[in-house]
Amino acid sequence: RVHGGKMWQKSITDLNYELLLVSNFTLYATLKGNKPDYHLAMKTDPSKELYQSFVQKACSQYKKEFVKDGQFGAHMQVEITNDGPVTLQLDSPEKKKSQQLNNKTVEETSTTS
């Protein structure tokens with residue numbers, strides 16, 4: 001929303017918005033032929049621990065009743081109205097570098113084939 005003629009002047013805490021946290025490993029796929037490959041994604045147990053830690057931190061730093069999440073690893077159908085032009089994807093620098101190297105290898109393989 002625009003506040004005082006400028007976007008991004010208020011946070012979700014300023015506006016008392018709810019926060020929806022959804023784990024989605026499918027965002028971390030690369031293509032292997034015509035199929036998705038998830039070998040660069042974090043393994044299930046450590047990713048579940050990381051996600052739960054993130055949810056707990058959000059609850060401790062905001063109004064717990066305003067923090068919503070789904071069930072980790074479950075098939076979920078989420079319906080929302082996105083009141084804004086932004087979706088944030090959080091990633092670690094190590095994984096990002098690894099994926100960039102993998103994507104470069106895929107691109108080089110594609111152009112040499």
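Scope of the values below: all heavy atoms of this structure, side chains included, with no hydrogens, waters or symmetry mates.
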Under the side-chain contact (heavy atoms from CB on, under 4.5 Å) test, residues paired with D14 that sit two or more places apart: K10, S11
What's the spacing between Q9 CD and L15 CG if we round to 0.5 Å? 11.0 Å
Partner set under side-chain contact (heavy atoms from CB on, under 4.5 Å) for K32, not counting sequence neighbours: D37
Name every donor-acceptor pair, under 3.5 Å, that has one atom in a side chain of residues 44-51 and the other anywhere in the protein, sequence neighbours excluded.
residue: S47; atom: OG; partner: K43; partner atom: O; Å: 2.9
residue: S47; atom: OG; partner: T44; partner atom: O; Å: 2.9
residue: Y51; atom: OH; partner: L21; partner atom: O; Å: 2.8

Output for pair (Q71 CD, D69 CG), nearest 0.5 Å, gives 9.5 Å
Sequence neighbours excluded, every pair satisfying side-chain hydrogen bond (donor to acceptor under 3.5 Å, both in side chains) that has a member inside residues 57-68: N16-K63
Could you report the tightest heavy-atom contact between L19 and A58, atom names first, then the distance? CD2-CB, 4.1 Å
Where S23 and G73 come nearest, the two heavy atoms and their spacing: OG-N, 4.2 Å
